[in-house]
Amino acid sequence: MSSLLKVDNEIKTKVDAFRERITSEAEDLVANFFPKKLLELDHFLKDPIINICDLKEIHSEINLTVPDPILISDLHDGLEAQNAKKRKLEDGAGEDKIPGTKVFVMPGGMMKSNAKLVDLIEKVKPEIRTLIEKCNTVKMWVQLLIPRIEDGNNFGVSIQEETVAELRTVEGEAASYLDQISRYYITRAKLVSKIAKYPHVEDYRRTVTEIDEKEYISLKIIVSELRNQYVTLHDMILKNIEKIKKPRSSNTDALY
């Protein structure tokens with residue numbers, strides 16, 4: 001079949017070397033890295049930093065003081081008041097159009113993030129990235145082991161395809177964890193901006209603490225899921241390693 005397509009020998013040699021490197025790296029990942037990583041994450045789940053019972057300990061002080069109320073005279077009389085009312089109706093001004101405090105600068109300088117959560121996130125993010133990268137390597141290895149398409153004797157190939165699908169699912173879930181962290185920062189930033197604009201509204205301040213608590217719980221769940229995914233992948237691949245590496249048995253074995 002190789003005679004049907006001319007391939008440069010030098011390129012073929014480099015591609016073969018790449019396949020050998022991927023094979024060696026992936027087999028080491030499954031045999032050694034995955035079990036070591038699951039044990040590391042299991043130990044991490046017992047760390048006090050991720051097992052805080054009283055969630056008040058992770059709360060971050062919102063250093064935005066409530067200003068003294070300022071009395072602003074309303075325009076209730078004359079043509080000017082009528083024109084102002086007309087403009088409000090035309091603009092659809094309602095409860096959502098209530099002007100808040102104009103914020104030119106934060107009194108205490110930059111509004112800091114929740115330091116405890118930031119530290120925890122910075123420990124979890126590398127673990128997420130590592131899982132994505134290692135899954136990609138193992139997925140490439142299994143895909144390279146898939147033989148050419150033929151009729152019949154495809155049970156081993158179906159196992160390979162199931163393994164690739166599971167690795168792809170784990171990759172997608174891990175990537176969603178990174179999106180979740182980004183959404184946390186964006187949501188919290190919007191709430192803090194609301195507090196700066198509406199400092200008299202206590203609900204905004206409470207919502208920030210609720211968001212922080214939710215993120216803390218989510219981070220622990222993420223670490224637990226990362227560990228479980230290493231366990232699942234290691235177990236699945238080891239149980240089916242024969243079919244993954246040799247998906248088709250030789251027909252001559254069944255002749256006698």
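As a basis for the values below, the full set of heavy atoms in this structure was taken, side chains included, without hydrogen atoms, waters or symmetry mates.
For D47 (side chain) and H43 (main-chain N/O), no donor-acceptor pair under 3.5 Å exists by modelled atom type. In this structure, H234 contributes its side chain and A31 its backbone to no donor-acceptor pair below 3.5 Å. Side-chain atoms of S176 come within 3.5 Å of backbone atoms of E173 as a donor-acceptor pair (strictly under, hydrogens ignored).
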* side-chain contact (heavy atoms from CB on, under 4.5 Å) between N114 and Y184, intermediate numbers included -> CA-CA 11 Å; N114 188 319; Y184 159 71; 4.0 Å; yes

* Does the side-chain contact (heavy atoms from CB on, under 4.5 Å) test come out yes or no for L120 and I58, once each step is laid out? -> CA-CA 11 Å; L120 186 56; I58 65 161; over 6 Å; no

* Would you sort out whether N136 and I132 count as a side-chain contact (heavy atoms from CB on, under 4.5 Å), showing the intermediate values? => CA-CA 6 Å; N136 186 268; I132 294 174; 5.7 Å; no

* Take Q160 and V164 through the side-chain contact (heavy atoms from CB on, under 4.5 Å) test and state the conclusion after the steps. => CA-CA 6 Å; Q160 290 177 321; V164 170; 5.6 Å; no

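What you find for V157 and P247 is that their closest heavy atoms are N-CB, 3.8 Å. Between H59 and L55, the shortest heavy-atom contact is CD2-O, 3.3 Å. Residue P126 comes nearest to I121 through the heavy atom pair CD-O, 4.5 Å, listed as atom of the first residue, atom of the second, then distance. Between A174 and L131, the shortest heavy-atom contact is CB-CD2, 4.2 Å. Considering all non-hydrogen atoms of both residues, I50 and Y216 come closest at C-OH, 3.0 Å. In terms of heavy-atom proximity, V170 sits nearest to C135 at CG1-SG, 3.6 Å.
The hydrophobic clustering, which links ILVMFWY residues whose side-chain heavy atoms are closer than 4.5 Å, places M236 and F34 apart. Using a 4.5 Å cut-off between side-chain heavy atoms of Ile, Leu, Val, Met, Phe, Trp and Tyr, with links allowed through other members, L145 and V15 fall into different hydrophobic clusters. Linking Ile, Leu, Val, Met, Phe, Trp and Tyr whenever their side-chain heavy atoms come within less than 4.5 Å leaves V138 and I146 in two separate clusters.
When side chains are defined from C-beta on, V118 counts as touching Y185, because their heavy atoms get closer than 4.5 Å. For the pair K116/I52, no side-chain contact is recorded, criterion being any heavy-atom separation below 4.5 Å from C-beta on.
The CD1 atom of I222 sits 12.0 Å away from atom CG of L41, with the distance rounded to the nearest 0.5 Å. Rounding to the nearest 0.5 Å places CD of E27 at 11.0 Å from CD1 of I237. We find the CG-CD1 distance between L238 and I244 to be 9.0 Å, quoted to the nearest 0.5 Å. Taking OG1 from T209 and OH from Y204, the interatomic distance works out to 14.5 Å, rounded to the nearest 0.5 Å. Atom CD1 of I221 sits about 11.0 Å away from atom CG of L45, to the nearest 0.5 Å. Considering OG of S60 and CD1 of I62, their distance stands at 7.0 Å, rounded to 0.5 Å.
Heavy-atom contacts from other residues, nucleotides or ligands closer than 6.0 Å to CD of E10 number 12 or fewer. Counting non-hydrogen atoms of other residues, nucleotides and ligands closer than 6.0 Å to CD of E242 gives a total of 12 or fewer.
In this structure, the side chain to side chain donor-acceptor pair (under 3.5 Å) partners of E202, at least two apart in sequence or on a different chain, are R206.
Each side chain to side chain donor-acceptor pair (under 3.5 Å) pair with one or both residues in residues 117-132, not counting sequence neighbours, appears once here: K37-E127. Legend: salt bridge (Lys or Arg N to Asp or Glu O under 4.0 Å) pairs involving residues 224-234, not counting sequence neighbours, sorted by first then second residue: D42-R227. For the salt bridge (Lys or Arg N to Asp or Glu O under 4.0 Å) condition, the pairs that include at least one residue of residues 209-220, sequence neighbours left out, are R188-D212. The list of side chain to side chain donor-acceptor pair (under 3.5 Å) pairs with a residue in residues 13-26, not counting sequence neighbours, reads K12-D16. Annotation: side chain to side chain donor-acceptor pair (under 3.5 Å) contacts involving residues 137-147, sequence neighbours excluded, comprise K139-E171.
Taking the charged nitrogens against the carboxylate oxygens, E162 and K243 have no contact shorter than 4.0 Å, which rules out a salt bridge.
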